[in-house]
Amino acid sequence: MKLQDTLSNSEQELDVSKKVRIYLCGITVNDESHIGHARTIIVFDVLRKYLEEKGIEIEFIQNFTDVDDKIINRAQTENTTAETISTRYIENYFRDFDGLNVKRATNYPKATEHIDDIIKFIEKLIEKQIAYTSKNGVYFSVSKFPEYGKLSKKKIDELQSGARIEVDETKNDPLDFAVWKFSDIEPTWDSPWGKGRPGWHIECSAMSIKYLGENFDIHGGGRDLIFPHHENEIAQSESYTGSQFAKIWTHVGMVTINGEKMSKSLGNVKSIKHVLENWGPNIIRLFCLSGHYSKPIDYSEELLKENLTKWRQAEICYYELIHANSENHEETNSIIKKIGIEFDNALEADFNTHLVLSAFFQLVRECNRLAADEKLGKEHAKIIKAELDRMLEVLGLNIPEITENERHEINNLIKNREKFRKEKQFEEADKIRDKLNEMNVELIDHKENTIWMKKENIKAEK
RNA sequence: GGUACUCUGGCAGAACGGUUAUGCGUGGGCCUGCAAAGCCUAUACAAGGGGGUUCGACUCCCUCGGGUACCUCCA
């Protein structure tokens, strides 16, 4: 598989000959997760599911930043502890992302649970004279890492002359960044240099190396993390190990609203909770995968609606396959196979999820065509369904389960309706149809028989 | 101001320099008791402007312009 690598600014081949180790920068747990977080994490979820479907072993680490100024501020405002805040939003995180059908990472390390690792990391940097202690904390000395700027393509001197870097007399160089901040405000930890808490960037360096080794395969996150977060991670980590840090840097584009980045200051944040309630997981996932991961996508009700239309087609396809029992039969195995290959090829070529979805919907349409022509035989449907299921699995899409009782009830209602229809008592028949609609069950009248589908309940549709 | 990215039909969005995909939407049809859904079919002479390279450019180069992101916390 080829992936666009931010560091080399070119496509790099992912080595899948052994276990693939992925580190994704997770969220700072100071508020509800929003649809921008969802996109990044869904992209990596599909990447991971695809590789696993191919039988490749994955070690997938995603951190929680559970100590930072915003969390502490929020704790103060709410007159509670930082831990209460971070615990609350970690719980919310899992509520949201389980709801989005995101597979859990191998591990979700938290900064506060790795203070010892972080301290050891900093000690080594000080030992190497790359970090130094000052009045306010311990700082990383950017000038000691000549390659600083290689990820974000920034030049050190331009950064220095750049307008708005805070003037801090206690730092040797305005570009130096904190790896440890002295503080008396809880939470704090003792360190060889004084009481305080870790800087933001250091946790990812310490935890990724701890869990994945010194040079793992993919390091990812949102585009907005390239600078300074990932740039600083590289500086720290490569100074620490003396060797290359992550092999491939994969960055996911922002979710925008009316062309502007979602942000609290603009007040245009769409929480996952809210969008999930209205649109459900499948439509959100389709939306998040609708463009190339490296580019921004613009959030809009129109686009979600378009994906709702598509999702209904997929649902129908699924139920056509389940109910298939046509006598006729059309040979399409080679087409199905071809679509499957297109699906995989699109993923292999820099994870082109738009083309992946094209292939997926091509399969859906092929299947619906056969059904419309009464050419979907039972055995044949099994073959198509296997491929459809595989794609659904990789994309993380989920047809809602249906219970045996429901199935019984639906079948009985349909039988009754058929009876009424034969007797030309259409009013009665339509009543049953309406009743089924209320149960989110839609009837599809074919020439020879009627099949049903249970539609996902989408609040926004109503 | 610096850096990077981006500008494709009504919308979304792809494509080794050589037939301008695909989906949504829209028109028509099939099916149906009527619907719905689905299916079939039609529909867009689309590439920010201007130059250039080339037999040929959406694709490469130059230039002008618009947009976004980052340069401070941010997925």
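Lettering follows sequence order; numbering is per chain, from 1. In what follows, every heavy atom counts, from backbone to side chain, and hydrogens, waters and symmetry copies are set aside.
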Practice item. Take the protein atom CG of A:N9 and the nucleotide atom P of B:U6, then report the distance between them rounded to whole Å. Key: 9 Å
Exercise for review: Pick the C1' atom in B:A44 and in B:U26, then give their distance to the nearest Å.
Suggested key: 11 Å
Practice item. Could you tell me whether A:Y50 and A:F343 have their ring centroids closer than 6.0 angstrom? Key: no
Practice item. Answer with base, sugar-phosphate or nothing: what part of the nucleic acid does A:T256 contact at a heavy-atom distance below 4.0 Å? Key: nothing
Point to revise | Any A:N352 side-chain nitrogen or oxygen under 4.0 Å from OP1 or OP2 of B:A15 | key: yes
Review point. CG of A:L363 versus C1' of B:G23: gap in Å, rounded?
Key: 15 Å
**Study point:** Whole-Å P distance, B:C11 and B:G28
**Key:** 23 Å
Review point. With sugar-phosphate meaning primed atoms plus P, OP1 and OP2, does A:G220 contact a base, only sugar-phosphate, or nothing at under 4.0 Å between heavy atoms?
Key: nothing
Practice item. Name the nucleic acid region contacted by A:G221, choosing base, sugar-phosphate or nothing; use a 4.0 angstrom heavy-atom cut-off, strictly under. Key: sugar-phosphate
Point to revise | B:G23 base / A:E306 side chain donor-acceptor hit below 3.5 Å | key: yes
**Study point:** Intermediate values then yes/no, side-chain hydrogen bond (donor to acceptor under 3.5 Å, both in side chains), A:N368 and A:E320
**Key:** CA-CA 7 Å; A:N368 289 346; A:E320 291 285 9; over 6 Å; no
Point to revise | Among A:I22, A:D5, A:I248, the one residue meeting side chain to side chain contact (heavy atoms under 4.5 Å, CB included) with A:L14 | key: A:I248
Point to revise | Atom pair OH/CD1 of A:Y319 and A:I444 - distance to nearest 0.5 Å | key: 10.0 Å
Review point. If you measure from the Lys or Arg side-chain nitrogens to the Asp or Glu carboxylate oxygens, is any gap between A:E301 and A:K305 under 4.0 Å?
Key: no
Review point. Between the side-chain atoms of A:K70 and the base atoms of B:C73, is any donor-acceptor pair under 3.5 Å?
Key: yes
Practice item. Ignoring backbone atoms, establish whether A:T28 has a side-chain N or O less than 4.0 Å from OP1 or OP2 of B:A75. Key: yes
Exercise for review: Taking A:R421 for its side chain and A:D430 for its backbone only, find out whether a donor-acceptor pair lies under 3.5 Å.
Suggested key: no
Check your understanding: From B:C70, B:U22, B:G33, pick the nucleotide closest to the side chain of A:H354?
Key -> B:U22
Check your understanding: Nearest-Å distance, CG (A:L308) to P (B:G23)?
Key -> 18 Å
**Study point:** Between P of B:G13 and CZ of A:F361, the distance in whole Å
**Key:** 15 Å
Practice item. Using a 4.0 Å heavy-atom cut-off across all strands, classify A:R39 as base, sugar-phosphate, or nothing. Key: nothing
Check your understanding: NA contact type, A:R74, heavy-atom cut-off 4.0 Å: base, sugar-phosphate, or nothing?
Key -> nothing
Review point. With the sugar-phosphate defined as primed atoms, P, OP1 and OP2, and the base as all remaining atoms, what B/S/- string results for nucleotides 36-41 of chain B, 5' to 3', for protein heavy atoms under 4.0 Å?
Key: BBSSS-
Practice item. Using whole Å, report how far CG of A:D176 lies from P of B:U72. Key: 14 Å
Exercise for review: Taking the six-membered ring for Trp and the full ring for Phe, Tyr or His, determine whether the centres of A:F60 and A:Y23 are under 6.0 Å apart.
Suggested key: no
**Study point:** Between P of B:A12 and NE2 of A:H292, the distance in whole Å
**Key:** 18 Å
Review point. To the nearest angstrom, how far is A:K310 atom NZ from B:U22 atom P?
Key: 14 Å
Practice item. Tell me what A:I226 touches on the nucleic acid: a base, only sugar-phosphate, or nothing, going by heavy atoms under 4.0 Å. Key: nothing
Practice item. Check whether the ring centres of A:H114 and A:Y211 lie less than 6.0 Å apart, and answer yes or no. Key: yes
Check your understanding: Taking the same atom, P, in B:U41 and in B:C31, what whole-Å distance lies between them?
Key -> 16 Å
Point to revise | Evaluation steps, salt bridge (Lys or Arg N to Asp or Glu O under 4.0 Å), between A:E366 and A:K338 | key: CA-CA 12 Å; A:E366 182 64 19; A:K338 191 175 143 248; over 6 Å; no
Exercise for review: For nucleotides B:A69 and B:A75, find the distance between their C1' atoms and express it as a whole number of Å.
Suggested key: 13 Å
Check your understanding: Does any N or O in the side chain of A:N411 come within less than 3.5 Å of the main-chain N or O of A:R407, such that one atom is a donor and the other an acceptor?
Key -> yes
Check your understanding: Under 4.0 angstrom, heavy atoms only, what part of the nucleic acid is A:K261 near: base, sugar-phosphate, or nothing?
Key -> base
Review point. Separation of A:I297 atom CD1 from B:A75 atom C1', in whole Å?
Key: 12 Å
Exercise for review: Report the C-alpha separation of A:S326 and A:H380 in whole Å, then their side-chain angles, then the decisive distance to 0.1 Å, and conclude whether the side-chain hydrogen bond (donor to acceptor under 3.5 Å, both in side chains) test is met.
Suggested key: CA-CA 10 Å; A:S326 174; A:H380 191 55; over 6 Å; no
**Study point:** P atoms of B:C64 and B:C70, separation to the nearest Å
**Key:** 26 Å
Check your understanding: Short question: side chain of A:N278, backbone of A:K459 - any donor-acceptor pair under 3.5 Å?
Key -> no
Check your understanding: With pairs taken as Watson-Crick or G-U wobble and both distances under 3.5 angstrom, which stems of at least three consecutive pairs involve RNA chain B?
Key -> B:1-7 with B:65-71, B:10-12 with B:22-24, B:25-30 with B:38-43, B:48-52 with B:60-64
**Study point:** Rounded distance in Å between the P positions of B:C30 and B:A35
**Key:** 12 Å
Check your understanding: Which whole number of Å gives the distance between the P atom of B:G1 and that of B:U53?
Key -> 32 Å
Practice item. Using the P atom as the reference point in each nucleotide, state the distance between B:A21 and B:G10 in Å, no decimals. Key: 16 Å
